[in-house]
Amino acid sequence: MRRYAADISSLAEEFQQRFRDFAAIEKEITLFPSPFSVDPDDAPDHLQLELIELQCGAECRSRHQQLPLVNFYRQLDEGRFQEIRTFAKKMLSLFGSTYLCEKTFSVMNINKNRLRTRLSDSHLRDILRIKTTVFEPDLAYLLQSRSQYHPSH
């Protein structure tokens with residue numbers, strides 16, 4: 001029973017630490033998905049002028065509503081919105097890398113447990129590469145080309 005209490009206490013402390021980290025960047029987290037609903041005075045100082053300019057543009061507001069968030073920030077003019085684009089890259093990398101790490105760890109655990117006896121470092125590297133990429137193989141083409149090289153199969 002004491003062992004579980006120590007484990008639960010450790011987990012609770014880890015969660016508190018993670019939420020403290022988020023509390024420290026709460027304004028940035030709020031600003032990132034909703035740049036048109038944040039008061040520029042509540043934004044970090046280095047973003048305020050660009051945020052005002054962004055919020056005054058009807059075309060920017062329209063694009064924000066129509067485009068996925070990543071594409072919205074990508075299409076902003078680099079000269080006019082350099083600070084906001086840098087901020088968006090920082091936020092995207094923060095959450096993107098966390099997701100990728102969790103996905104990679106999950107894939108490793110699943111494959112390690114299921115294939116433990118047959119899994120080499122090379123196999124694990126190949127599995128991780130496949131599972132963490134957005135590459136979609138053209139299976140029809142691969143099968144057709146295989147049948148051309150091996151007509152008896």
Side-chain angles (χ1 to χ4, degrees), residues 1-139 142:
M1 188 70 144
R2 290 180 194 206
R3 189 182 113 214
Y4 294 122
D7 289 344
I8 291 171
S9 177
S10 174
L11 284 173
E13 176 57 36
E14 186 175 337
F15 276 113
Q16 288 175 355
Q17 178 61 42
R18 288 181 185 230
F19 285 117
R20 276 194 295 270
D21 293 345
F22 280 117
I25 60 169
E26 181 179 4
K27 288 182 179 180
E28 288 88 349
I29 292 172
T30 303
L31 172 63
F32 176 65
S34 311
F36 294 94
S37 59
V38 172
D39 183 347
D41 290 334
D42 293 336
D45 292 343
H46 68 283
L47 297 175
Q48 288 180 355
L49 290 176
E50 288 184 12
L51 186 59
I52 291 168
E53 185 176 350
L54 181 74
Q55 290 177 350
C56 289
E59 184 177 332
C60 289
R61 184 178 301 271
S62 174
R63 285 185 183 161
H64 181 260
Q65 291 171 347
Q66 295 171 353
L67 296 173
L69 203 53
V70 174
N71 293 345
F72 166 73
Y73 282 109
R74 187 178 291 141
Q75 62 80 40
L76 288 177
D77 181 84
E78 289 183 50
R80 291 175 51 204
F81 300 109
Q82 181 179 3
E83 292 292 330
I84 289 179
R85 284 176 53 98
T86 301
F87 162 76
K89 289 175 188 175
K90 174 184 160 191
M91 295 303 289
L92 287 166
S93 68
L94 174 72
F95 292 108
S97 62
T98 301
Y99 170 74
L100 185 59
C101 287
E102 289 176 4
K103 181 178 177 182
T104 302
F105 185 72
S106 176
V107 168
M108 285 175 58
N109 278 334
I110 290 168
N111 286 293
K112 178 182 154 192
N113 293 333
R114 193 168 43 109
L115 305 170
R116 181 177 300 234
T117 59
R118 295 178 284 168
L119 194 60
S120 69
D121 288 343
S122 175
H123 289 119
L124 183 58
R125 185 178 56 249
D126 293 342
I127 290 168
L128 291 175
R129 185 173 291 138
I130 290 167
K131 286 294 195 174
T132 58
T133 186
V134 293
F135 176 75
E136 290 291 328
D138 185 351
L139 295 177
L142 291 172

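Expressed to the nearest 0.5 Å, how far CE of M91 lies from CG of L69 amounts to 10.0 Å. Note: T86 OG1 to F81 CZ = 13.0 Å, rounded to the nearest 0.5 Å. For the atom pair CG (L76) and CD1 (I84), the distance works out to 7.0 Å, reported to the nearest 0.5 Å. Going from atom CG of L31 over to atom OG of S37 covers 8.5 Å, rounded to the nearest 0.5 Å. Distance CD/Q48 to CD/E83: 12.0 Å, rounded to 0.5 Å. Between the CD atom in E28 and the CG atom in L47 there is a gap of 8.0 Å [rounded to 0.5 Å].
The main-chain N or O of K90 is found under 3.5 Å from a side-chain atom of S93 such that the two form a donor-acceptor pair.
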Tabulate below the donor-acceptor pairs under 3.5 Å that side-chain atoms of residues 5-15 make, not counting sequence neighbours, or state none.
residue : atom : partner : partner atom : Å
E13     : OE2  : R20     : NH2          : 3.1
E14     : OE2  : R18     : NE           : 3.4
E14     : OE2  : R18     : NH2          : 3.1

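A heavy-atom distance below 4.5 Å is not found between the side chains of D77 and R85.
For residues 41-58, the pairs satisfying salt bridge (charged side-chain N to carboxylate O under 4.0 Å, His left out) are E53-R80, with sequence neighbours left out. Residue pairs meeting the ring-ring contact (aromatic ring centres under 6.0 Å, His included) criterion with at least one member in residues 51-70, sequence neighbours excluded: F36-H64, H64-F72.
In this structure, the side-chain contact (heavy atoms from CB on, under 4.5 Å) partners of P40, at least two apart in sequence or on a different chain, are L51, I52, Q55. For Y73, the ring-ring contact (aromatic ring centres under 6.0 Å, His included) criterion is met by F32, not counting sequence neighbours. A search for side-chain contact (heavy atoms from CB on, under 4.5 Å) contacts involving T30 returns E26, V38, not counting sequence neighbours.
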